[in-house]
*Asks:* 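My questions all concern the structure below.
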Amino acid sequence: MPQLFKRRANAIANATIMGGGLIFLGACGVVFALGRSDYWTRKEEAPAQPVPFSHEHHVAGLGIDCRYCHTSVEKSSFAGMPPTETCMTCHSQVWKGAPVLQPVRDSLQYGRPLRWTRVYDLPDYVYFDHSIHVDKGIGCASCHGRVDQMPMTWETQPLYMRWCLDCHRQPEMHLRPLDEVFNLAYASPQNQFLVGRTLEEQNHVHHEGLTDCYTCHR
Amino acid sequence: MKPDLYGFMAEFEQPEELLNAARAAHEAGYRKMDAYSPFPVEGAAEAIGFERTRVPLVVLIGGITGAGVAYGMQYYSAVWDYPLNIGGRPLHSWPSFIPITFELTVLFAAVAAVFGMLLMNGLPKPYHPVFNAPAFKLASQTRFFLCLQATDPQFGERTKYFLAGLNPIAVHEVES
Amino acid sequence: MNAPGQTPVVAPGYDSGSVTRKITDIVLARPLGRGWLGGFAFAFALLMMMNFAIGWLLMRGVGIWGINIPVAWGFAIVNFVWWIGIGHAGTFISAILLLLHQDWRTSINRFAEAMTLFAVACAGLFPLLHLGRPWVFYWLLPYPDTMGLWPQWRSPLVWDVFAVSTYGVVSLMFWYVGLIPDLATMRDRSAPRPLQFIYGVMALGWRGSARHWKRFKMAYLLLAGLATPLVLSVHSVVSLDFAVGIVPGWHSTIFPPYFVAGAIFSGFAMVLTLLIPVRKAYGLQDFITIRHLENCAKIMLATGLMVAHGYITELFMSWYSDDKFDIYMTLNRMFGSYAPAWWLLMFCNVLTPQALWFKKIRTAPVILFFIALLVNVGMWTERYVIVVTSLHRDFMPSAWGSYHGTRWDWMTLIGSFGLFLSLLFLFLRLLPAISITEMRQLVREKKEPQ
Amino acid sequence: MNMNTWRSMDELEDKPAYRDWLQREFPPLASEWTNEASRRSFLKIMGASFALAGLSACTRQPLEKIVPYVRQPEELVPGQALYFATALNLEGYARGILVESHEGRPTKIEGNPEHPASLGASDVFMQAEILALYDPDRSKSVTNGLEISTWDEFLALVVREREKWKSNGGAGLRLLTGYITSPTLLSQIEALLKEFPNAKWHVHEPLATKTPQPIFDVAKAEVILAVENDFLGPGPAQLKYARDFASRRRANSGALSFNRLYVAESTPSMTGARADHRYALGPRALQELGMALATGASLPSWGDPMLADLTRNKGRSLLLVGDSLSEEVRQFALNWNRPLQIAQPLPSRGDSLPELLRDVAAGKIETLVILGGNPAYDAPVDFKFAEKLALVPLRIRLGLYEDETSALCQWRLPEAHSLETWSDARAFDGTATITQPLIEPLYGGKSAHELMAALTGNGMVGGYDIVRQYWHAQHTGDDFEKYWRKSLHDGVVEGTGGGKPSEFAPHGRAETSGSGLELVFRPSPSIRDGRFANNAWLQELPQPFTKITWDNAAMISPATAKRLELSNEDVVDLKYRGRLVRAPIWILPGQADDCVTVHLGYGRTHAGHVGNDVGFDAYALRTSDAPWGGSGLAIVKTGLRHPFATTQHHQSMEGRQQVRVGTLSEFQQHPAAVAQAGEPAPGRDETLYTPVAYKGHAWGMAIDLGACIGCNVCTIACQAENNIPVVGKEEVARGREMHWIRVDNYFEGAPENPRLHFQPVPCMHCENAPCELVCPVGATAHSSEGLNQMVYNRCVGTRYCSNNCPYKVRRFNFLEYDRNRFESAPVLKLLRNPDVTVRTRGVMEKCTYCVQRINRVRLDAEKQNRPIRDGEIIPACAQACPAVAIVFGDINDPQSNVSKFKASPLNYGLLAELNTRPRTTYLAKLLNPNPEVEKA
């Protein structure tokens, strides 16, 4: 009987099986990686803004405190975005005619609000509250990174639920003295674990219920 | 004797003849041989000196792995990774973990059985010298074949006559 | 071999060659008949109807079905349980009967296994469709996600996922492994190059070496050994969907055994419903003899009695438990607004099979066919009764309600037959419907005494 | 107490007709919304949906915008709600409210604790007003005939008109309003009438009597007899009455100072449901009873001990009679009650409707200005208002909707909603509230004040100035600003309470002579006199006793039904005094025999896309001489059927002791016996598992069935707080209503005169929750404080949890309800509570104990480093409840109010025998029957 297949068919057969397996695993790997990639989470991606606002300049350069613009960060779930007025308190004096600030001036003049692009965008079913985090000694930088080094603002964290849980499971690893909360340059000490324990006492942080669903979802 | 010879192949009508032939060949000192039949012939494997298969061992390993993986996964996720109070039940609700453990045990064992078998049989092997033998397509239908391979030290021109002596229907040369 | 007066499992006068020819010719020599085309067209039309229904479902949501609060489960779950049940005969025949050395299994196991696969395929569809958000079905699978969440292992639905998928995979492998030598035969018997090639690829280069056969037999035996507890486990797990719940009419410890019995019951019913026409259409009376039909009937009778026992135990327990909810549920089933369904299932599943006590009926294909049909209907109704009547009146009278399927429910149910039959027709057309290898052995064994 | 129960008159699902109807009502592609994609686009969308199904899990989150203010308002902290005190009117009477506002969007209404007519509670109408505010059907433009016009053109018209009036002293000018208590508006009307002496002002209010009932101190009453008087039912003083009544029904705290309530009524009412002795009598019999009391004639057997009871407590007993009874009786009752009378609402000034119509007929009227109301729909049918109105040359209408009346006027002016305008109003006791706007008029409406300003020749003055001017004039003391601010802040104007009693001028009794069936008119418990007809929340609110939604019915007693061979859903012709209305039958246990009750307010034709063609219009039978009904009704079967959508098909308890009832004496003898009637719950230790210990807080709820009056406000308050969608009649009929807390309704005892029970049922938050166990993805799990959490965004929608919930309190989004024809209007997005997720299709939802409120309080407490105070967290249902029947708090704190409730011997868990360990428990209901009466 004539051979139905060529000699190399065996090699091909094995190759297809091996290859198929590898391709499948590869595909899984790609999906897995893509889901965690910065592309996907828009991490470290600085979206275009109506005004090229530089935290670096305002915070590091001019030493303006976070709360000067984000007024409600200690009072409310929402940190607050500065109304145009706030910008103009200074910019009616400095950079009066700067073309980059035209949108700001227009905004005030025509009462048209500025439309910034969100950098940190949590899903709508997540109820994050800035005030409580600040109050318990979680620094701005813990989530927002060194904004004082950002010419344009970008996301420094993936904002995955797992990432939230990391901190909610062991807050002691992320707590800092209350007076350091707004210090972007604060570096956690070597013995953060021990320090964290004492800070837990001081800041009245309760582990109980930190990982309850209803803590963030309603 | 041609160099590119895989072996000589005797073709038989009945499985009993195949068995006898195989036994004879084995007594004659042939080792590198194989028997081919359209359905499993009792004792054929033993006749050509193939005593025991390791398939059961593979299956056992597969089963144990499955059980381990299943229970481990459940214990880790429910007790360790994200402990949740589900209707006041304990975190380690072992009775609820049994069904999945069982299922995965069976699954892993079964997969091990099939792929173990194929692997040890060296399948898939779409090309094989024996297919060169004329009339070998009957091996999957009605006929029985005994093939003595050229790699056997005893192999030689006489092997052909030896096979012919086992009164087969025919003896074929199988070139590799 | 045969007890006197018993029809043989294969008609005399066959040898390896003729057996091989007869079976392979169905696929290789037989021309595309009008019957097959018509049948396939019909089945395919049904399948398309289901796709339409599913499309609408995905667009609008499960609200297009009749489900509501309190009856939050309807046709989808009923169909799921029913199809899974159907899927039990195959593996039962090939695995358990193999271990029991029932030689009569050989000529029907391939067919039954195929049926099992297709039934499981249909069954697997429904749990996905019945989700409120089917596109996140994969949350029921354990995988390292970015949320840090896992399935909730205490839920029988998760057990289902594993039970059904395991069952599907194992049945598939069992079926394919059994096919390999036959595929080799097909390869060697098919004339056109492309066919040879396709069968050749699928046969993995099988050459019937003695070594291979030994490992093959061992693996096959072990698979059978593994499949046996699996068959018994699958429907047990499915039954836990109900037994784990606290709903009166669900929360019952006898569910696992009587679900398994019911499954095999309905499975064999389906085997008969399909075999009887098929053996006629393809002239396989010599291989699938009256003996086979009779044995299937016997198994139906046995499992049918188990099911009946299950029903009776249920009634007895609700009386014996003296639980007010349970008692009400039972009475409501028998005399409530869904009473007709209950009496229908009693007629189909308890009364009808009693006819099988008589050899005359067991050996009359036509009658068997209709009995099997009735049992299929009955088993579907049983699941309907369990799901719907239990839910529509449970604990709080203030929350009692009613349920009935909308036309979308019916389209999906009927459409699933389309899927099942389409696959079946393709199978009959493309693969040897009877295990050639095992038939060869069988005809030899049957010869030996002479 | 006998627990012998009977099956409900009718169980819809048993009736084949019901199924037929479903086929009829929901043709093939059942459960499409009417505005659904056409079949042509089916495949396209289908393909899309397949793709979506595949991809939705893996699409990159799109960029969103964040838009700050240009100038941020002073008091506003983004992300935090503000509360403003104002008031809402019901037939002119103010009920004080606090309105929650998020970034300038009013989202929720609560009662104002400072206000005497609200006491911090609210009724269904107050709760639903917030939806009415945003109603997309409200009239949006000034219209003249078919022309869209402008306010300026209208002002020009007014100027021209005024010239005419100046010449003839306003002869031919008529003003038609509803009942008005607003001091400012009254003064404006006075001013108008002073300027134009020949002008006249007429008042029409379909339900309120000309001089409304005085208000009594129910809390002080030892014995109350209510004859056809539903004082616990909807009405201007309901909230106060409910609070006072409940205060005399508390068995869990302090001494047992129970009052006793006798009720004689023709149709079951909330008051009747609370009665210790209830008698179902037709209007004629009621009138006789009343006369017998007044004249001392002989009473029925039970009457004498009852009368004795009343007289024994004379001065501390109340005899409350309905408007339908004769003057003699009402006068007698008034005198009887004087000692307990605390307020007499000011009688409405202005002339009545008949006088107006007489002038119309005489052709004396050139200009008719209609402020609010809807006389074309709800005026007595014999007035023929509609056709008479046509005789008036110039018809001006200021209205919230383009309703039946507007349809007959050339000038149609959009009215601003109470929450959009400056105004003021008085409560039943005269307490004035200055109402302030929460938001600019959404649809460019103006208030009655602004219109009156125009008519009085002041042009378009803002409501603020008008109201402020008025009160400035009233204010004698100095520092008006302070007084003004305080009044606004408190929501009540100091020293305006305590309305003075006035002369009694009865009106509108039922005509009770004659024979045959009797007809009784009642305002709808959901949509009142029809003014709330376009409010989807109220339309879908299950009516007490019938549990009917989206319909009204001709309600008859079981016996009458048997006699007339009628069954539920039979459509009949109601022939009454030469008029005819076609109505479906509902058989109502506890209804008086041979008497048919119909609810007013339905069958609207110009209500809006929600309220049009819902039910039948009972006004078509309502005549001025017998506004509350009368004899001479004939019922003719038509052979047609009309399906109802009810939320409770089965109203017998099947002996399962959901509601546990005892008498006061039983309770005093064996305190535990009443609540422990049912199977006992297994003990904590009866388990193989170690019970979970809840350290810290453990939230729990207690519901006092002894206090509940079944007013439904918990249901609708929850709906407002939790963004619960309306699903419509078809979906309700399929058993898919979404209410998180339902008020179950049971009949107990003999069908002809059963006991009536209410039972609010929210999620029980079981500690051994059966629902959690079966969820395959852990979308529902327990919190460390014992909340049964439902996480929508994790839910895949297997619905297994609902199946396994013995209380069936879980609700499922079978379809995209947020996009249905009730919810899809973009403006309604403003109404959503930003603290609660709007659920998508295919996920389960249920009562969360208002976790958003729990969390808000917790965070505040945390930030202030203090423990959460008891009573600081109030779920929406508890906050709204006028009877304080719902208490919520920390059951780990023995001092908490809820712990005290649960400590009561009356405390029991619903279906606790299933070992679910419910966190929500009930206090059994105690009755205080009169032993002599029971003997008689």
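In what follows, every chain begins at residue 1, and chains take the letters A, B, ... in the order their sequences are listed.
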*Asks:* Taking side chain as everything from C-beta outward and backbone as N, CA, C, O, which of these in H217(A) sits under 4.5 Å from a heavy atom of chain D? Side chain, backbone, both or neither.
*Replies:*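 It is the side chain, since no backbone atom gets that close.
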
*Asks:* Tell me which of these, V836(D), V838(D), V791(D), L63(D), has more heavy-atom pairs under 4.5 Å with chain A than the rest.
*Replies:*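 Highest number of pairs under 4.5 Å: L63(D).
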
*Asks:* Less than 4.5 Å to any heavy atom of chain D: does that hold for the side chain of Q49(A), its backbone, both, or neither?
*Replies:*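 Neither part, no heavy atoms under 4.5 Å.
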
*Asks:* At a heavy-atom distance under 4.5 Å, which candidate from M81(A), R118(A), R112(A) has the highest pair count against chain D?
*Replies:*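 Looking at each option in turn, the highest pair count goes to R118(A).
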
*Asks:* Tell me, for V67(D) versus chain A, whether the close heavy atoms (under 4.5 Å) come from the side chain, the backbone, both or neither.
*Replies:*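 When you check distances to chain A, atoms from both the backbone and side chain of V67(D) fall under 4.5 Å.
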
*Asks:* For residues Y120(A) and T153(A), is any side-chain donor paired with an opposing acceptor at under 3.5 Å?
*Replies:*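 On atom types as modelled, these side chains do not qualify, holding no pair under 3.5 Å.
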
*Asks:* Which one wins on heavy-atom pair count under 4.5 Å against chain A: E862(D), H782(D), R858(D), Q72(D)?
*Replies:*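 Max contact count across the listed options: E862(D).
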
*Asks:* Which bit of L787(D) comes within less than 4.5 Å of chain A, counting heavy atoms only: side chain, backbone, both or neither?
*Replies:*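 Side chain of L787(D) only, per the 4.5 Å heavy-atom cut-off to chain A.
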
*Asks:* Under 4.5 Å heavy-atom distance to chain D, tell me which part of Y127(A) shows up: side chain, backbone, both or neither.
*Replies:*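 Side chain of Y127(A) only, per the 4.5 Å heavy-atom cut-off to chain D.
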
*Asks:* If you round to the nearest 0.5 Å, how far is NE2 of H174(A) from OG of S142(A)?
*Replies:*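 It comes to 8.0 Å.
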
*Asks:* Using non-hydrogen atoms and a 4.5 Å limit, figure out which bit of N722(D) sits close to chain A: side chain, backbone, both or neither.
*Replies:*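 Looking at N722(D), nothing touches chain A.
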
*Asks:* Hey, does the Lys NZ or Arg CZ of R36(A) hover above the aromatic six-ring of F32(A), less than 6.0 Å from the centre and inside 45° of the axis?
*Replies:*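 Pair R36(A)/F32(A) counts as cation-pi.
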
*Asks:* Could you walk me through whether R832(D) and E823(D) pass salt bridge (Lys or Arg N to Asp or Glu O under 4.0 Å), step by step?
*Replies:* CA-CA 10 Å; R832(D) 303 269 182 260; E823(D) 302 289 337; 3.1 Å; yes

*Asks:* Regarding D860(D) and Q864(D), is there a side-chain donor-to-acceptor distance under 3.5 Å anywhere?
*Replies:*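 Not at all, the side chains of D860(D) and Q864(D) share no donor-acceptor pair under 3.5 Å.
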
*Asks:* Would you say K65(D) and T117(A) are linked by a side-chain donor-acceptor pair, where the criterion is simply a distance under 3.5 Å?
*Replies:*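 Yes, K65(D) and T117(A) have a side-chain donor paired with an acceptor closer than 3.5 Å.
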
*Asks:* In terms of heavy-atom pairs under 4.5 Å with chain A, which of S784(D), P834(D), G79(D) leads?
*Replies:*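 The option with the most such pairs is S784(D).
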
*Asks:* Under 6.0 Å from the ring centre and within 45 degrees of the ring axis: does the NZ or CZ of R853(D) meet both conditions for the six-membered ring of F888(D)?
*Replies:*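 Pair R853(D)/F888(D) does not count as cation-pi.
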
*Asks:* When rounded to the nearest 0.5 angstrom, what is the spacing between CZ in R839(D) and OH in Y792(D)?
*Replies:*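 Those atoms lie 4.5 Å apart.
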
*Asks:* Hey, which of T837(D), N793(D), V851(D), T848(D) has the most heavy atom pairs under 4.5 Å with chain A?
*Replies:*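 Going by pairs under 4.5 Å, I would pick N793(D).
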
*Asks:* Could you look at D135(A) and say if it's the side chain, the backbone, both or neither that has a heavy atom under 4.5 Å from chain D?
*Replies:*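 Only the side chain of D135(A) comes within 4.5 Å of chain D.
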
*Asks:* Assess R176(A) against Y186(A): is NZ or CZ under 6.0 Å from the centre of the six-membered ring, and within 45 degrees of the ring's axis?
*Replies:*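 Verdict for Y186(A): no cation-pi partner in R176(A).
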
*Asks:* Non-hydrogen atoms of chain D under 4.5 Å away: do they reach the side chain of D121(A), the backbone, both or neither?
*Replies:*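 Both backbone and side chain.
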
*Asks:* Could you tell me which portion of H206(A) (side chain, backbone, both or neither) has an atom closer than 4.5 angstrom to a non-hydrogen atom of chain D?
*Replies:*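 Only the side chain of H206(A) comes within 4.5 Å of chain D.
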
*Asks:* Heavy-atom pairs under 4.5 Å with chain D: which of E74(A), H130(A), E208(A) has the most?
*Replies:*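 Winner by heavy-atom pair count: E208(A).
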
*Asks:* Among K863(D), Q80(D), M790(D), Q852(D), who wins on heavy-atom pairs under 4.5 Å with chain A?
*Replies:*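 The answer is K863(D).
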
*Asks:* Got more than 12 heavy atoms from elsewhere within 6.0 Å of CZ, R115(A)?
*Replies:*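 Count not over threshold, so no.
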
